[in-house]
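Report on the structure given below.
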Amino acid sequence: MPELPEVETVRRGLAPVLEGARLVRVEQRRADLRFQFPPRFAKRLTGARIERLGRRAKYLVADLDTGESLIMHLGMSGSFRIETDASATQPGAFHMPRGKDQAHDHVVFATDGGAHVIYNDPRRFGFMDLVATEGLETCKHFGAMGVEPLGNAFNADYLAGRLKGKKAPIKAALLDQRIVAGLGNIYVCEALWRARLSPERTSGSLVRANGRPTEKLEKLTGAVRDVLADAIAAGGSTLRDHRQADGTLGYFQHSFSVYDRKGTGCPREGCGVEIRRLVQSGRSTFFCPRCQR
DNA sequence: CGCATCCCCTGCCTGC
DNA sequence: TGCAGGCAGGGGATGC
């Protein structure tokens, strides 16, 4: 469940259950996900109270009353679900399919409120870490990270400074978390379409010789903000039957203009040209060859 | 240095 | 129906 809107949606789903809760039991079922868990992971968490559940880019950050923060990244296939005594008896309550899927339940957090928050991740590209809350912004995960795309620091002037002279295509630059942190393949494709910008345009070509942003770059920053805001409002995108923590489905995937829509007509009024797919840095790019220049 | 490629892992879909 | 190949929302390590 990975890009910023999906992680933000997960955060909002987990916050009511985790914020203010004390972890009475933590079960770590394997030694590693993408990386090894930190030493004594479960022990350092047990008994801790979660004061706040935040988000930085695609990371969830739970600030604890122990002076540490629990950092969680969902990789490509990570998801959380919440199980409570009540959810088992409520009519119409949602339940994840049992069986083989449970083989990928890697971590269970039990709260003093009686909830089980279960982390499931088939591909195991996600990871968890414990880091001192003080100086969190300079820790190894966040130290080199770029600005939040929904924050005030993300604007055309900032991007111009980071893209000036860069030869990499704009698609790659937007995926680079050291420049902007939180965008992934879907929302980069969608933002470029909204900005009518070719994914193959050289980053530096969007900056004037005097270092000022071009109009295209201004438009791109707005498109990034807008597509993220729209996606968050829709509860994120639900691909391959993933669900949010409370069992509901995001629905922004129905609003994709280009992502995973190769061969369909460009939805822009009066266009209709076939959406194409190309591969950039090993990843699919979807775009309209007519209206993205 | 910047940039592209490969790789980690499992599951699902396609085509033969 | 089985099987091989390709692809997937991420990002770290390598090599040019």
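Every chain is numbered from 1, with letters handed out A, B, ... down the list of sequences.
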Please give the distance between the [atom1] atoms of [N] and [M] as a whole number of Å.
{"N": "C:dG5", "M": "B:dC7", "atom1": "P", "result": "15 Å"}
{"N": "B:dC9", "M": "C:dT14", "atom1": "P", "result": "16 Å"}
{"N": "C:dC7", "M": "B:dT5", "atom1": "P", "result": "14 Å"}
{"N": "B:dC6", "M": "C:dG6", "atom1": "C1'", "result": "16 Å"}

Between A:S281 and A:R178, which is nearer to the 5' end of DNA chain B once each is assigned its nearest nucleotide?
->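 The residue mapped nearer the 5' terminus is A:R178.
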If we count only N and O atoms by modelled type, under 3.5 Å, do the side chains of [X] and [Y] hold a donor and an acceptor together?
{"X": "A:R277", "Y": "A:S284", "value": "yes"}
{"X": "A:S237", "Y": "A:Y259", "value": "no"}
{"X": "A:Y59", "Y": "A:R55", "value": "no"}

Nearest-Å distance, [atom1] ([X]) to [atom2] ([N])?
{"X": "A:D129", "N": "C:dG11", "atom1": "CG", "atom2": "C1'", "result": "15 Å"}
{"X": "A:R277", "N": "C:dA8", "atom1": "CZ", "atom2": "C1'", "result": "10 Å"}
{"X": "A:R34", "N": "C:dG12", "atom1": "CZ", "atom2": "P", "result": "6 Å"}
{"X": "A:E3", "N": "C:dG11", "atom1": "CD", "atom2": "P", "result": "9 Å"}
{"X": "A:Q102", "N": "B:dT10", "atom1": "CD", "atom2": "C1'", "result": "17 Å"}
{"X": "A:R283", "N": "C:dG10", "atom1": "CZ", "atom2": "C1'", "result": "6 Å"}
{"X": "A:Y59", "N": "C:dG12", "atom1": "OH", "atom2": "C1'", "result": "10 Å"}
{"X": "A:H104", "N": "B:dC9", "atom1": "NE2", "atom2": "C1'", "result": "9 Å"}

Please say whether more than 12 non-hydrogen atoms of neighbouring residues, nucleotides or ligands are located less than 6.0 Å from OH in A:Y251.
->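 For A:Y251, atom OH is not crowded (no more than 12 foreign heavy atoms under 6.0 Å).
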Nearest-nucleotide 5' precedence on DNA chain C, A:R123 against A:Q177 =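 Result: A:R123.
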Closer than 4.0 Å, any side-chain N/O of A:K166 to the OP1 or OP2 of B:dC3?
->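 Yes, such a contact exists.
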Tell me whether the OP1 or OP2 atom of C:dG10 has a side-chain N or O from A:K58 closer than 4.0 Å.
->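 For C:dG10, OP1 or OP2 has a side-chain N or O of A:K58 closer than 4.0 Å.
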So what's B:dC9 paired with, Watson-Crick or G-U wobble, going by both distances under 3.5 Å?
->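 Base-paired to nothing in any strand shown.
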According to the Watson-Crick and G-U wobble definitions, with both distances under 3.5 Å, which nucleotide is paired to C:dG9?
->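 Pairing partner, where one exists within any strand: none, as none qualifies.
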Touch check for A:P5, heavy atoms < 4.0 angstrom, all strands: base, sugar-phosphate only, or nothing?
->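 Counting heavy atoms under 4.0 Å across all strands, no contact is made by A:P5.
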Nearest-neighbour nucleotide for the A:S284 side chain, C:dG10, C:dA8, B:dA4 considered |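 Selected nucleotide (nearest to the side chain): C:dA8.
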Selected nucleotide, minimal atom distance to A:I186 side chain, candidates C:dG9, C:dG10, B:dC3 |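 Minimum distance to the A:I186 side chain belongs to C:dG9.
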Step by step, would you call A:F127 with A:H141 a ring-ring contact (aromatic ring centres under 6.0 Å, His included)?
-> CA-CA 11 Å; A:F127 60 89; A:H141 304 290; 5.5 Å; yes
Could you tell me whether A:E6 and A:K58 make a salt bridge, using a distance below 4.0 angstrom between a side-chain N and a carboxylate O?
->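 Not counted as a salt bridge, because no side-chain N and carboxylate O are separated by less than 4.0 Å.
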Return the stacking result for C:dG11 and A:F125: yes when the ring centres lie under 5.5 Å apart and the planes under 30°, no otherwise.
->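 Base of C:dG11: not stacked against A:F125.
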